[in-house]
Amino acid sequence: MGKGNIIASLDLGTSKTCCMVGEITRSGDIDILGYGISEALGIKKGVVINIDLVVQSILKAVNIAEQMSNTKISHVAVGLSGGNISLLTNRGVVAIPRNESEITPQDVERVIQAAKIMAIPYDKEIIDVIPREFIVDGCDGIKDPVGMAGTRLEVSACIVLGLLTAVQNIVRCVQRAGLSVESMILRPLAAAEMLLTEDEMDMGVVLVDVGAGTTEIAVFQEGCITAYDMIPIGGDLITNDIAIGLRLPYSYAEEIKRKYACALPHMASDKPDIEIQSLGDSFSRKISQKDLTAVVEPRVQEILSYITRSIKDFELKAILPAGIVFTGGGLVHIQGAMEMSQQLLNLPVRLGTTDSYDRDQTFTIALGLLNYLIKHRAFDLSSATKERSAYGFLERVKRILREYF
């Protein structure tokens with residue numbers, strides 16, 4: 001197939017940068033051609049703190065993906081996260097010409113563009129517009145109005161806003177790596193593509209992604225994201241506690257955590273069968289899993305307490321029958337973490353896994369970005385950023401009105 005069928009994604013995490021390349025098949029599926037992973041540099045808590053280091057990390061991951069796929073990558077869909085993300089709700093309305101009473105995909109695009117017409121803070125930028133429902137001549141609850149007859153089309157949409165400077169810094173990093181940003185997609189939306197079922201998203205579910213340096217919390221109801229928060233703590237804190245408490249090199253502490261860490265004392269073994277050698281010691285010694293749990297348990301409880309507080313702050317009016325789905329490498333490898341979550345959060349809890357990678361969360365976001373891109377084709381951020389810098393709010397309104405009405 002042609003080059004136009006090649007798509008690529010870029011997941012900029014706290015611990016790793018992952019680039020994935022896929023090809024869209026004639027049936028609309030994705031064939032994964034290759035991927036590249038590099039150590040994340042220059043990003044802290046989802047924010048760029050060193051552009052040159054981020055560019056190096058991107059270049060390394062992209063080069064590996066290009067070599068594996070034998071494909072030149074020119075544009076990517078980038079996963080976006082951060083404490084500067086906010087969600088708003090807005091409506092858009094367009095008229096359907098009487099001589100063309102059948103609603104077309106172009107009409108849907110027009111009404112989505114109309115939903116962007118709103119006053120937003122000067123330091124914010126619209127990242128994405130996600131339709132919640134369409135209303136045709138007063139009939140609501142419609143997911144896909146194309147082909148229906150009507151004279152008035154409305155949309156209730158979720159508007160994803162990001163801090164303008166934070167978004168621009170990510171775009172600059174990608175551009176300095178020789179790539180263009182095809183779209184920017186909120187990371188929980190990508191994860192939901194891989195981990196959540198349609199029933200869960202309709203009933204009400206919380207997706208919690210505990211990464212290395214951050215924890216992202218997203219609520220989905222009636223098939224759409226309704227709330228988002230990012231907590232600037234993650235699994236690295238547990239690793240750091242192990243490193244300090246047992247006087248181990250950080251890399252070795254991470255290895256110990258993934259192999260032996262347990263969050264609940266009654267589930268931990270008291271046999272001294274974990275061999276470690278602390279910094280400054282001449283000889284190795286053995287500790288039990290229960291000794292390790294004494295270090296791990298308080299920090300896991302702290303992370304879960306922040307998650308509980310965040311969910312309460314959402315002030316959700318409806319219950320969440322589908323409970324909480326956990327993903328990310330920060331907690332999923334810790335024995336007993338899901339059981340403790342069930343106890344503290346008082347909601348059904350399950351681990352988000354994929355058929356291909358099970359507990360391995362390395363590719364969840366990168367693969368989810370590709371799936372989201374195909375299904376939703378989020379709008380191009382580079383043009384939106386240029387538009388914001390060139391036009392004020394009123395000018396953008398006039399421009400959209402002239403183009404779509």
Side-chain angles (χ1 to χ4, degrees), residues 11-14 43-48 79-90 120-121 123-130 132 157-164 166-167 170 184-193 195-196 200-201 204-237 299-320 322-332 337 341 344-350 352 361 364-365 368 372:
D11 175 21
L12 300 173
T14 303
I43 288 187
K44 185 177 182 180
K45 313 299 183 186
V47 177
V48 175
L80 185 68
S81 64
N84 50 65
I85 300 295
S86 56
L87 305 181
L88 299 176
T89 298
N90 198 34
I120 60 176
D123 60 343
K124 296 282 188 176
E125 181 59 78
I126 294 179
I127 305 302
D128 203 355
V129 179
I130 308 166
R132 296 185 191 276
C158 173
I159 311 296
V160 182
L161 298 180
L163 187 66
L164 183 60
V167 172
I170 292 176
M184 298 197 81
I185 301 165
L186 196 59
R187 293 177 83 252
L189 297 176
E193 289 289 328
L195 303 175
L196 302 182
E200 286 176 329
M201 295 176 68
V205 65
V206 182
L207 180 62
V208 178
D209 184 348
V210 185
T214 61
T215 296
E216 293 182 85
I217 304 166
V219 178
F220 293 85
Q221 293 174 308
E222 297 181 356
C224 184
I225 188 170
T226 59
Y228 171 82
D229 189 20
M230 192 204 78
I231 304 169
I233 60 172
D236 278 356
L237 285 179
R299 188 63 78 177
V300 175
Q301 286 181 340
E302 180 187 10
I303 294 173
L304 293 175
S305 69
Y306 277 106
I307 294 171
T308 302
R309 190 181 310 165
S310 179
I311 295 174
K312 287 182 178 179
D313 288 344
F314 289 148
E315 296 182 352
L316 301 172
K317 296 180 180 179
I319 60 174
L320 300 165
I324 300 177
V325 177
F326 277 88
T327 184
L331 283 183
V332 299
S341 302
L344 296 181
L345 301 176
N346 198 29
L347 282 170
V349 170
R350 76 169 178 87
Q361 306 292 319
T364 299
I365 300 298
Y372 188 90

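Throughout, numbering of the chain's residues begins at 1 and tracks the sequence. Since this is a predicted model, take the numbers as computed values, not measurements.
- Atom CD of Gln301 has more than 12 heavy atoms from other residues, nucleotides or ligands within 6.0 Å.
- Judged as a salt bridge (charged side-chain N to carboxylate O under 4.0 Å, His left out), and not counting sequence neighbours, the contacts of Glu302 are Arg299.
- Counting heavy atoms from C-beta on, the side chains of Thr89 and Ile159 never come closer than 4.5 Å.
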Test side chain to side chain contact (heavy atoms under 4.5 Å, CB included) on Ile311 and Val206 and set out the steps. CA-CA 8 Å; Ile311 295 174; Val206 182; 4.1 Å; yes

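- Remark: Thr308 OG1 to Asn346 CG distance equals 9.5 Å, nearest 0.5 Å.
- In terms of heavy atoms, Val129 sits closest to Ala157 at CG1-CB, 3.8 Å.
- With sequence neighbours excluded, the residues satisfying side-chain contact (heavy atoms from CB on, under 4.5 Å) with Ser81 are Arg187, Glu216, Tyr228.
- Rounding to the nearest 0.5 Å gives a distance of 7.5 Å between CD1 of Ile307 and CD1 of Ile233.
- Remark: Thr226 engages Arg132, Val219, Gln221 in a side-chain contact (heavy atoms from CB on, under 4.5 Å) (not counting sequence neighbours).
- Residues Ala191 and Ile365 approach most closely at CB-CD1, 3.7 Å, considering heavy atoms.
- Residues Met230 and Gly82 share a closest heavy-atom pair of SD-CA, 3.4 Å.
- With rounding to the nearest 0.5 Å, the separation of CG in Leu196 from CE in Met201 is 6.0 Å.
- Atoms CG and OH, on Leu186 and Tyr372 in that order, are 8.5 Å from each other to the nearest 0.5 Å.
- Here the CG-CD1 distance, from Leu189 to Ile225, works out to 5.0 Å after rounding to the nearest 0.5 Å.
- Sorted by first and then second residue, the salt bridge (Lys or Arg N to Asp or Glu O under 4.0 Å) pairs with a member in residues 79-89 form an empty list; sequence neighbours excluded.
- The shortest distance between side-chain heavy atoms of Asp229 and Asp313 does not fall below 4.5 Å.
- Checked against side-chain contact (heavy atoms from CB on, under 4.5 Å), Val349 has the following partners two or more places apart in sequence or in another chain: Ile324, Phe326, Met338, Ser341, Gln342.
- Remark: side-chain polar atoms of Lys124 are paired, donor with acceptor, to backbone N or O of Asn84 under 3.5 angstrom.
- The two residues Leu207 and Ala192 have their closest heavy-atom pair at CD2-N, 3.9 Å.
- The residue from Asp123, Ile85, Ile126 that alone fulfils the side chain to side chain contact (heavy atoms under 4.5 Å, CB included) condition with Leu161 is Ile126.
- Contact annotation: the side chain of Glu125 never approaches that of Met184 to less than 4.5 Å [non-hydrogen atoms, C-beta and beyond].
- Not counting sequence neighbours, Arg309 has no partner by the salt bridge (charged side-chain N to carboxylate O under 4.0 Å, His left out) test.
- Between Ile231 and Ser310, the shortest heavy-atom distance links the atoms CD1-CB, 4.3 Å.
- Once rounded to the nearest 0.5 Å, the distance linking SG of Cys224 with CD1 of Ile130 reads 5.5 Å.
- Side-chain contact check for Leu304 versus Leu331: some heavy-atom pair is nearer than 4.5 Å.
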